[in-house]
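Working notes for the structure below.
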Amino acid sequence: MNDYETYFKNGEKILRGLTSLGAALNLRYVTKAIYEPVFLDAKNKAAAFDTARQGKAGAYIALRAQRGEPAEFLRSVRNHLTGPLGDTWSAQWAPLGFINGSLKLPRTDAGRCQMLAKVQAYFGDHPEHENAAEDYTAAQAEALCGPLTAAVNTVDDCKFDARAKRDVRDAAIKLLDKKISSLRKELENVLDPADPRWLKFFDRIPGDPRVPERVEEVTATALPGGVITVDWPEAPRAARYRVLKQVVGTDTDFVLAATVDDSEAELTGVPAGATVKLQIVPVNGTGTGAASEVITLQAAA
């Protein structure tokens, strides 16, 4: 769920809320000391699963790279052996792994590995059917079988590792969800439903399901090095803010430059001397408030 990125960003907000307000609110059942290790454990286990999933994807890429040469070798060997064995199936083909009256090549990686091993054994028993000039040999079958088998085994290992790490992550997330649910219940006992301090922990105020009010009086300052700092007063009911930017002559419309929890932001990489338009949009769990007025400034040269 790389909506887990959003999930853990929300979890970090809860941690900041517990750090700044936990003692003042006299929280007892879900304190920073209780919540933080559970949160960090879940975050670390989610990262470990992502790493395992990337490893599995890499293993599949490596496997695909190993498939071509063995498949071509088996096709060529089959065509080569139609001379001594005939071009239709007979019992003579069975030692090579061709069964059920067919000369079709196996379609699975495991089937190709098995056939390579059988080809190696067959050429070992019938060296007179090898063709060293074309590399139709037991040695070549063995050389191709090893890397393909290793790649198949690596995929299997990575799949097992990813499943195990996913299960561990899910258990850690389940525990974290319980802590978050307990915190919400504890806050219900110490905060009025309309108390704006809910926004220090969560994205909405339970007793005030309105979108945030509009941001007023946005201030922006251009600094050397393509930096613009932006500041504005907190908007009632805003849990976070989206900073929209339009570089005149480059952007056809406003684009998202940053999403922040605080009422300030620093934008970097702005082209020197460019004319820049900015807007601030307040957001909470209910929805999006009205955007601020557009302010325009010139980036420092």
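In this chain, numbering begins with 1 at the start of the sequence shown.
Trp232 contributes atom CH2, which lies 9.0 Å from atom OG of Ser292 (distance to the nearest 0.5 angstrom). Here the CZ-CG distance, from Arg197 to Asp192, works out to 9.5 Å after rounding to the nearest 0.5 Å. Atom CG of residue Leu116 and atom CG of residue Leu74 lie 4.5 Å apart, to the nearest 0.5 angstrom. Note that the CD1 atom of Ile280 and the CD atom of Glu293 stand 12.5 Å from one another [nearest 0.5 Å]. For the atom pair CD1 (Ile173) and CZ (Phe39), the distance works out to 9.0 Å, reported to the nearest 0.5 Å. Leu103 contributes atom CG, which lies 14.5 Å from atom CZ of Arg75 (distance to the nearest 0.5 angstrom).
Distance alone, capped at 3.5 Å, is enough to place a donor-acceptor pair between the Asn44 side chain and the Leu40 backbone. Put simply, the side chain of Glu264 never gets that close to the backbone of Asp231: no donor and acceptor are under 3.5 Å apart. Judged by distance alone, the side chain of Asp251 and the main-chain N or O of Asp253 form no donor-acceptor pair under 3.5 Å. Using modelled atom types, one side-chain atom of Arg214 and one backbone atom of Ala291 make a donor-acceptor pair closer than 3.5 Å. In terms of modelled atom types and a separation under 3.5 Å, the side chain of Glu130 and the main chain of Ala138 share a donor-acceptor contact. Under the 3.5 Å distance criterion, the side-chain polar atoms of Tyr241 are left unmatched by any main-chain donor or acceptor of Glu234. A donor-acceptor distance shorter than 3.5 angstrom exists from the side chain of Asn131 to the backbone of Ala133, with no hydrogens or angles considered.
Both the sub-6.0 Å distance and the 45° axial angle are satisfied by Arg169 relative to the ring of Phe49.
In this structure, Pro193 and Ile205 have side chains that are not in contact, with every pair of non-hydrogen atoms separated by 4.5 Å or more. At a threshold of 4.5 Å between non-hydrogen side-chain atoms, the residues Phe98 and Lys104 do not count as touching. The side-chain heavy atoms of Val119 and Met115, taken from C-beta on, include a pair separated by under 4.5 Å. Within the 4.5 Å cutoff, side-chain heavy atoms of Glu213 are placed close to those of Arg237. Between Leu96 and Leu85, the closest side-chain pair of non-hydrogen atoms falls below 4.5 Å. Between Val218 and Val230, the closest side-chain pair of non-hydrogen atoms falls below 4.5 Å. No side-chain heavy atom of Val30 sits under 4.5 Å from any side-chain heavy atom of Ile14. In this structure, Ile228 and Glu266 have side chains that are not in contact, with every pair of non-hydrogen atoms separated by 4.5 Å or more.
One hydrophobic cluster holds both Tyr4 and Ile180 under the rule that ILVMFWY side chains link at heavy-atom gaps under 4.5 Å. Linking ILVMFWY residues whenever their side-chain heavy atoms come closer than 4.5 Å, directly or via other members, leaves Phe201 and Val260 in distinct clusters. Under the 4.5 Å side-chain contact rule for hydrophobic residues, Val283 and Val255 do not share a cluster. By the rule that hydrophobic residues join a cluster once side-chain heavy atoms approach within less than 4.5 Å of another member, Ile34 and Leu15 end up as members of separate clusters. Residues Tyr60 and Val152 are members of one and the same hydrophobic cluster, defined by side-chain heavy-atom contacts under 4.5 angstrom among Ile, Leu, Val, Met, Phe, Trp and Tyr.
Here the closest non-hydrogen pair linking Leu199 and Ala239 is CD2-CB, 4.0 Å. In this structure, Ala117 and Cys145 approach most closely via the heavy-atom pair N-SG, 4.3 Å. Minimum interatomic distance between Ala59 and Cys158 (heavy atoms only, all atoms of both residues): CB-SG, 3.9 Å. Here the closest non-hydrogen pair linking Pro209 and Pro206 is CD-O, 4.5 Å. Between Ala222 and Ala300, the shortest heavy-atom contact is CB-N, 3.7 Å. Across all their heavy atoms, Ser102 and Trp89 have their closest contact at O-CD1, 3.4 Å.
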### Task
Would you check, one step at a time, whether the test side chain to side chain contact (heavy atoms under 4.5 Å, CB included) holds for Lys179 with Leu183?
CA-CA 6 Å; Lys179 294 300 179 188; Leu183 173 63; over 6 Å; no
### Message
As a quick check of understanding, evaluate side chain to side chain contact (heavy atoms under 4.5 Å, CB included) for Leu267 and Leu278, giving each step before the final call.
### Response
CA-CA 11 Å; Leu267 309 182; Leu278 298 170; 3.7 Å; yes
### Task
Assess whether side chain to side chain contact (heavy atoms under 4.5 Å, CB included) is satisfied between Val276 and Thr296, documenting all intermediate values.
CA-CA 6 Å; Val276 181; Thr296 304; over 6 Å; no
### Task
Step by step, work out the side chain to side chain contact (heavy atoms under 4.5 Å, CB included) result for Leu27 and Val190.
CA-CA 8 Å; Leu27 298 178; Val190 297; 4.1 Å; yes
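Donor-acceptor pairing under 3.5 Å is lacking for the side chains of Glu186 and Ser182. At a cut-off of 3.5 Å, with distance as the only test, a side-chain donor of Tyr7 or Asp177 sits close to an acceptor on the other residue.
Salt bridge annotation for Asp109-Arg67: present, with a cationic side-chain nitrogen under 4.0 angstrom from a carboxylate oxygen. Remark: Asp41 engages Lys45 in a salt bridge, criterion side-chain N to carboxylate O under 4.0 Å. Ion pair Lys174/Asp170 not flagged as a salt bridge, since none of the NZ, NE, NH1 or NH2 atoms sits closer than 4.0 Å to an Asp/Glu carboxylate oxygen. The pair Glu188-Lys185 does not count as a salt bridge, with every side-chain nitrogen at least 4.0 angstrom from each carboxylate oxygen. Salt bridge Lys13/Asp203: present, at least one basic N to carboxylate O contact under 4.0 Å.
No more than 12 heavy-atom neighbours from other residues, nucleotides or ligands sit within 6.0 angstrom of NZ on Lys200. Counting non-hydrogen atoms of neighbouring residues, nucleotides and ligands closer than 6.0 angstrom, the CD atom of Gln298 exceeds 12 such neighbours. The number of heavy atoms from other shown groups lying within 6.0 Å of CD (Glu217) does not exceed 12.
Under the side chain to side chain donor-acceptor pair (under 3.5 Å) criterion, no residue pair touches residues 28-40, with sequence neighbours excluded.
Remark: His126 pairs with Tyr122, His129 by the ring-ring contact (aromatic ring centres under 6.0 Å, His included) rule, at least two apart or across chains.
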